[in-house]
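Down below is the structure, laid out as structure tokens.
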Amino acid sequence: MDQRKMHGVWANRWTFILAATGSAVGLGNIWKFPYIAGENGGGAFVLVYLLCIAVVGIPIMMAEVLIGRRGRMSPINSMRYVTSEAGLHGGWTGIGWMGVVAGLMIMAFYSVVAGWALNYVVASAGGGFSGISGDEAGSLFGGLLQDTGRLTLWHSLFSVMTLAVVAAGVTKGLGMVARVLMPFLFVVLAILLVYGFTNGDFASAFRFLFDFKFGKLSWDGVLVALGHAFFTLSLGMGSIMAYGAYMPDHANVGRTIVTVGVLDTVVALVAGLAIFPIVFASPGIEPSAGPGLMFVSLPVAFGNMAGGQIFGTLFFVLVAVAAWSSAVSLIEPGVAWLSETKRFNRVTATIALTLVAWLGGLGCIWSNNWLEDKPASGIYVFESLDFLTSQIMLPLGGLFIALFVGWLMRRAIVASEMDAEGHPLFEIWLFVVRYISPALVALVMIFSLADKFKG
Ligand code: PFF
């Protein structure tokens, strides 16, 4: 078989859109976006985040998909292919390597948080939130974080779920999950939005998210927004490159990626507008509650609403499902690469990499760093993994991808993959990828890291 098509190709453009949206829409949108917006003061952060998506995220996403489709292999080998096509030094393959490592690092904490959601599915279905107060919800969550045995169980279950899908391959595994689960997720988010609107303090939530006050935003906050733009679009680490490698030849990259970017952004904003009205309507819960925001405020709301047991259960099922369809894309780059080496088949490759990420997850669980009272060891595995990947590795990966496509790939190749030679939008995109996106990423990284050293 042609080595460059060994993994399979999505059935059509929409399968790619749904699979890529499945990768993009995940814990980043439903869990992380609301709490980092809360921690960074709301409105101004949201505006910077939206700018980052439009000016940096979407253009770089197109560049990443383009490399994948050109190479038609794992990110490491696709980079090798486009690098040799451009007659360049093999060092650029490092983008693919960094991606594989970043994917495993993210998967380590991602599957632990997804495990929290699984635990909450069971808690909600069993009526555990019924009549609960803010304080009680807080101690329920605190109790879970201290229960390493239970955390390990859920984390392991989620890892096995991910393994099963990735091992089943591109068409049967990844494609099926995206097609079946994504529409389901959109519907339930819409229901929750309506609930927030009718039962919560929607006006305060809206003001909090869209009232652009810049005083509260530091350079650090800007870096968080930029990092999150990469995280939420699954950018800078090869996931989207790997998915691009399975994209049909004739699908238009530009239009397809704009659709994915818009869907992802809409889900994040809707999740914010579903969660914050409930937060503001619950006394004693601050919008800046941190990683526990969703796991503390929503049980209170569900526990005190009619039908909350069913809706609460459904909500956490959906969080877990969104996480599931993203997690598969975190290990896909490494799995694709290992299967290409021929020493592994897809199943053994998936088992090997899931095991590595699973061990990292145990590190997160045992270092207990979600708690207020940090461990004496000072090893904050979760925070370090999150910081290193979201704020350093993904933006750096994106920077190099933009530089590579903008400056080093032959223009004729870029234009033919984009299928847009001579189109004014193509010229604008190329300009952005050459100058604007790399400059912004570099500037934000330099300023915020300098700020950190000063602080
Ligand atoms: N985009 C996912 C989310 O928002 O939850 C997380 C993610 C998946 C990040 C895949 C990076 C990645 F490669």
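Along the sequence shown, the residues carry numbers beginning at 1. The figures that follow rest on heavy atoms only: side chains count, while hydrogens, waters and symmetry mates do not. In listed order, ligands and their atoms are each counted from 1.
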Tell me which protein heavy atom sits closest to atom 4 (O) of ligand 1, plus the residue, atom name and distance to 0.1 Å.
A24 O, 2.9 Å
G103 heavy atom under 4.0 Å from ligand 1:
no
Any nitrogen or oxygen of G28 lying under 3.5 Å from a nitrogen or oxygen in ligand 1? Just yes or no.
yes
Lys/Arg-Asp/Glu bridge criterion (N-O < 4.0 Å) met for E332, R346
yes
Taking D386 first and then K32, would you say they form a salt bridge - that is, a charged N and a carboxylate O separated by under 4.0 Å?
yes
Which residue and non-hydrogen atom of the protein lie closest to atom 2 (C) of ligand 1, and at what distance in Å?
S23 O, 3.3 Å
Should the proximity of S234 to ligand 1, defined as any heavy atom under 4.0 Å, be assigned to the side chain, the backbone, both, or neither?
both
Nearest non-hydrogen protein atom to atom 9 (C) of ligand 1, with distance, is F231 O, 3.2 Å
Please determine if D419 and R255 form a salt bridge, counting it only when a charged side-chain N lies under 4.0 Å from a carboxylate O.
no
Proximity of F33 and Y49 rings by center, below 6.0 Å:
yes
Which atoms of ligand 1 have any heavy atom of M237 under 4.0 Å away?
11 (C), 12 (C), 13 (F)
Based purely on interatomic distance, does L27 place a nitrogen or oxygen under 3.5 Å from a nitrogen or oxygen of ligand 1?
yes
heavy-atom search around atom 5 (O) of ligand 1 in the protein gives Y110 OH, 2.5 Å
As a test of understanding, state which of R72, R69, R13 forms a salt bridge (charged side-chain N to carboxylate O under 4.0 Å, His left out) with D249.
R72
With no hydrogens and no angle check, is any side-chain donor or acceptor of S124 less than 3.5 Å from a backbone partner on T313?
yes
Candidate list T232, T21, T259, test side-chain hydrogen bond (donor to acceptor under 3.5 Å, both in side chains), partner D264, passing option:
T232
Close N or O approach (S239, ligand 1; < 3.5 Å)
no
